[in-house]
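Okay, so here's the structure we're looking at.
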Amino acid sequence: MAKQYKKLQQKIYRQDDDKQKHKRQEKVGKDYLLLGVLIFTAVVTVAGWESLNNWNRVMYVLLDVSLLLTYIRRHAKLTEVQSVFADRASLVSIGFAVAMFIIVLIQDFME
């Protein structure tokens with residue numbers, strides 16, 4: 001009975017390992033659109049630095065950081081913990097960028 005139980009456990013755990021290997025080996029797309037948007041926002045940030053106020057500068061920098069973290073998470077070979085950290089940092093960064101956008105809108109339309 002114990003031998004059969006061990007054989008079942010080995011089959012189950014081996015299947016889980018195979019699923020994880022296939023999950024890790026999935027090919028990720030080229031993400032040309034993500035790269036295009038990342039480069040565009042970086043160019044806008046650099047080109048318009050003098051004409052942007054501080055709120056706009058922070059918003060564009062946070063947007064660049066969020067896009068960069070998303071690209072890194074998708075294409076770098078990260079551990080599980082690093083991937084979760086990059087994902088959460090990207091979400092926090094985009095959340096702050098949206099908050100900055102709302103602040104800029106309120107400031108521009110209240111004047």
Side-chain angles (χ1 to χ4, degrees):
M1 193 70 166
K3 289 182 182 180
Q4 291 176 348
Y5 180 71
K6 285 182 183 179
K7 287 181 183 180
L8 284 174
Q9 280 186 332
Q10 287 176 354
K11 287 182 182 180
I12 291 172
Y13 290 126
R14 196 173 296 147
Q15 288 175 354
D16 290 342
D17 291 340
D18 291 340
K19 288 180 185 178
Q20 289 178 356
K21 287 179 185 177
H22 289 298
K23 188 176 181 182
R24 284 187 216 141
Q25 293 176 355
E26 291 177 2
K27 288 191 176 183
V28 179
K30 298 291 183 188
D31 286 332
Y32 292 124
L33 182 62
L34 179 62
L35 280 174
V37 172
L38 178 63
I39 292 169
F40 176 74
T41 56
V43 168
V44 168
T45 304
V46 171
W49 190 262
E50 293 297 320
S51 63
L52 296 173
N53 62 14
N54 289 335
W55 292 104
N56 284 326
R57 289 176 185 163
V58 171
M59 178 182 67
Y60 276 106
V61 168
L62 286 171
L63 184 60
D64 285 334
V65 167
S66 176
L67 291 170
L68 184 64
L69 285 171
T70 301
Y71 186 79
I72 288 171
R73 184 183 55 82
R74 289 178 56 93
H75 292 282
K77 293 179 182 176
L78 302 175
T79 64
E80 191 72 30
V81 173
Q82 291 171 336
S83 178
V84 169
F85 177 75
D87 190 32
R88 289 181 183 167
S90 175
L91 288 175
V92 167
S93 177
I94 198 71
F96 280 128
V98 169
M100 293 297 135
F101 179 72
I102 292 170
I103 290 170
V104 168
L105 280 179
I106 290 171
Q107 282 183 344
D108 287 347
F109 289 114
M110 292 300 227
E111 293 177 359

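Keep in mind that this is a model prediction, so the values were computed, not measured.
Screening residues 89-111 for ring-ring contact (aromatic ring centres under 6.0 Å, His included) gives no qualifying pairs among residues at least two apart or on separate chains. The ring-ring contact (aromatic ring centres under 6.0 Å, His included) contacts involving residues 52-72 comprise Tyr71-His75, where partners must be two or more places apart or lie in separate chains.
Leu68 and Val92 are assigned to two separate hydrophobic clusters, defined by single-linkage of ILVMFWY side chains at heavy-atom distances under 4.5 Å. Following chains of ILVMFWY side-chain contacts shorter than 4.5 Å, one can reach Leu63 starting from Val37, so the two form part of one hydrophobic cluster. No continuous path of hydrophobic side-chain contacts links Val43 to Leu67 [ILVMFWY only; heavy atoms under 4.5 Å]. Cluster membership check: Leu105 shares its hydrophobic cluster with Met100, using side-chain heavy-atom separations under 4.5 Å among Ile, Leu, Val, Met, Phe, Trp and Tyr.
Asn56 meets the side chain to side chain donor-acceptor pair (under 3.5 Å) test with Asn53; sequence neighbours excluded. Shown here are the side chain to side chain donor-acceptor pair (under 3.5 Å) partners of Arg57, two or more places apart in sequence or in another chain: Asn54. Looking at residues two or more places apart in sequence or on another chain, you find a side chain to side chain contact (heavy atoms under 4.5 Å, CB included) between Leu69 and Val65, Ala89, Ser90. The side chain to side chain donor-acceptor pair (under 3.5 Å) search around Asp108 returns none, not counting sequence neighbours.
Two residues are said to be in side-chain contact when any heavy atoms from C-beta on lie closer than 4.5 Å; Leu62 and Ile94 fail this criterion.
Note: Leu33 CG to Leu38 CG = 11.0 Å, rounded to the nearest 0.5 Å. The distance from atom CD1 of Ile39 to atom CG of Asp64, rounded to the nearest 0.5 Å, is 11.0 Å. Atom OG of Ser83 is separated from atom CZ of Arg74 by 11.0 Å, given to the nearest 0.5 angstrom. Considering CG of Leu34 and OG1 of Thr70, their distance stands at 6.5 Å, rounded to 0.5 Å. One distance of note links CG of Leu52 with CE of Met59; it measures 7.5 Å at 0.5 Å rounding.
Among all heavy-atom pairs drawn from Ala86 and Arg73, the shortest one is CB-CB, 4.1 Å.
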